[in-house]
2 protein chains.
Amino acid sequence: MELKRTTEGEKGFEKVFAFLRERLLAGSLKPGDRLISERELATLLGVSRPIVREALRALTVLGIVEIRDRIGTVVTRPDVSVLNDFFTFALAQQADMLDDVMQARVAIECQAIRLACERANIADFERLQRALAKIGETIDEADAGGMADFEFHRAIVVASHSETLTVLHSSMAGLLTHSHRSRRELVQAFPSMKTYLIEDHRRIFEAVIARDPERADATLRKHFAIGDEYRRRAVVGDVDKTSASG
Amino acid sequence: MELKRTTEGEKGFEKVFAFLRERLLAGSLKPGDRLISERELATLLGVSRPIVREALRALTVLGIVEIRDRIGTVVTRPDVSVLNDFFTFALAQQADMLDDVMQARVAIECQAIRLACERANIADFERLQRALAKIGETIDEADAGGMADFEFHRAIVVASHSETLTVLHSSMAGLLTHSHRSRRELVQAFPSMKTYLIEDHRRIFEAVIARDPERADATLRKHFAIGDEYRRRAVVGDVDKTSASG
DNA sequence: GTTAGCATACTGGTCTGACCAAGATCAGAC
DNA sequence: GTCTGATCTTGGTCAGACCAGTATGCTAAC
């Protein structure tokens, strides 16, 4: 029965994965470290190389390590892409999750803006200002405008100086980029949105500058709410375009 | 050079992974579906079985599929554990991320409570009420008290009826369970915390019952802020215990 | 006709040994 | 001392094999 006494009674893959997880979690394997070769790992744990590769591949998709061809396997700093992948897959199989993700994004961003009010430095302010200017310049362009919008919101999160919030936000923002763009397409149907987009973002910016978390949060929430309202009206076919046919 | 014309010019693993991702994202592979066997997949894509296993294992750790011994590989609904794993690893290598994760948790929970005010049903209210009662009962126990605290906050998020928020929250809450417990240990040092813990949670509960998002959010934030303050005081050695030695 | 039982095909889980291509290294030539 | 090339090492991959259970279907017993 004692065919496997290397570590525990785990199966091959689990054994290797657990072995590596232990060292990873314990800190004996830190970002930048190079793991021993696959072959060594295999003989060390008494498993075959393909099994070791499975474990390494598993860690790779989790963004924990990076397998470099003909170089070796090195520990990396956890990366956003994992969450991105996950949300992408998750969303594909549950499209109704989109609204949910949007809610999470609002959550992250509202918390971020509060922190931003406390922690933002001059560079953050400048980045926000540039993004704000860009929004004004690209107000009539769907693509560039959507990008500018995205940049502004990203700047808020970056200004929070919170790695976790940034990671979460960017992993979700990727899925919502098209939402920024489609929002800009609404501008064609709702000229009044121009004012909304520019003024809202300006007010948000000013609240951060004033370092007023409550006002910033409230303004940002209102911003999202108005955006939702526009989208709702677009769905029902309502328009306020002066030259609208209906 | 055309040794591989199955799909593209990708390397073995990438080829298989991309092949499966395509179908997963396109929806031709839905949760519950059983994949073709590893051997078939291997011959179909012109790669060896170990490579196929790498790809399947990769999808497994992403929570997309489940490999069942001697049964086959089936597509599953995306699972929380992925995020859990990720945060666990990420946190292990950046301990300073703990505060950050806490911020994200606050973000999620504050958004959740707003939604809960709109969406909570009777069952949610009852769950909250039970959790609230439990908090009162276990106020003097570190373990049970921490658990009750955790349950209450989880009940809030569940009441939001947002899958994404729930997933994110639980993936972070796991890392913060000890924080609930340690908070309860503070009760010994700060008797005034008993009132804080019970009263705060009651007020939060009432705000949700009243379906007042603003008040609920504000109360919850204040709750977290006070908790932070207690922890701060604990760090600097301040106590308000009447029988305190120093 | 129906059902119990067993042989077989199939599945994942794993191992062994091998080959390739290219980076890393070090000895020997200049 | 520097340059060059053979060799070692590393990841990337393959082929074939064996094991242990599951599923299935066919046969034999009822």
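A, B, ... follow the sequence lines: proteins, then strands. Residue 1 opens every chain. Hydrogens, waters and symmetry mates are skipped; everything else that's a heavy atom, side chains included, is used.
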_Under 4.0 Å from OP1 or OP2 of C:dT16: is there any side-chain N or O of A:Ser48 that close?_
no

*Does the separation of the ring centres of A:His153 and A:His201 fall below 6.0 angstrom?*
yes

*Expressed in angstrom and rounded to an integer, what is the separation of B:Arg34 atom CZ from D:dA23 atom C1'?*
10 Å

*Length of the CD-P vector between B:Glu54 and C:dG12, whole Å*: 16 Å

*So does B:Ser37 get a side-chain nitrogen or oxygen closer than 4.0 Å to the phosphate oxygens (OP1/OP2) of C:dC10?*
no

*asked:* Rounding to an integer number of Å, can you tell me how far A:Glu38 CD sits from D:dC8 P?
replied: 20 Å

*Between B:Thr73 and C:dG12, is there a side-chain N or O to OP1/OP2 distance below 4.0 Å?*
yes

*Rounding to a whole Å, what distance do you find between B:Phe17:CZ and D:dT13:P?*
14 Å

_Out of C:dT14, C:dG12, D:dT13, whichever nucleotide has its closest atom nearest the side chain of B:Ile51_ = D:dT13

*asked:* What is the distance, to the nearest angstrom, from the CZ atom on B:Arg57 to the C1' atom on C:dT14?
replied: 11 Å

_Within 45° cone of B:Phe13 ring axis and under 6.0 Å: A:Arg57 NZ or CZ_ = yes

*Ion pair check, B:Arg77 and B:Glu163, cut-off under 4.0 Å*: yes

*Is any side-chain heavy atom of B:Arg127 closer than 4.5 Å to a side-chain heavy atom of B:Asp124?*
yes

*Where the side chain of A:Phe13 is concerned, which of C:dT14, D:dT13, D:dG11 is the nearest nucleotide?*
C:dT14

*Any side-chain heavy atom of B:Glu66 sitting closer than 4.5 Å to one from B:Thr73?*
no

*Looking at every strand, decide which applies to B:Glu40 at a 4.0 Å heavy-atom threshold: base, sugar-phosphate, or nothing.*
sugar-phosphate

*Quick one: A:Leu56 CG to D:dT10 C1', roughly how many Å, whole number?*
12 Å

*Can you name the ring pair (Phe, Tyr, Trp, His ring centres under 6.0 Å) partners of A:Phe205, sequence neighbours left out?*
none

*Roughly how many Å is it from NZ in B:Lys15 to C1' in D:dT13, rounded to a whole number?*
11 Å

*Test the B:Arg23-B:Phe19 pair against the cation-pi criterion, namely NZ or CZ under 6.0 angstrom from the six-membered ring centroid and within 45° of the ring axis.*
yes

*asked:* Whole angstroms only, please: what is the CG-P distance between A:Leu35 and D:dG11?
replied: 9 Å

Show me the protein contacts with nucleotides 19-23 of chain C, counting only N or O atoms at under 3.5 Å.
{"unit_1": "C:dA22", "atom_1": "O4'", "unit_2": "A:Arg70", "atom_2": "NE", "d": "3.2"}

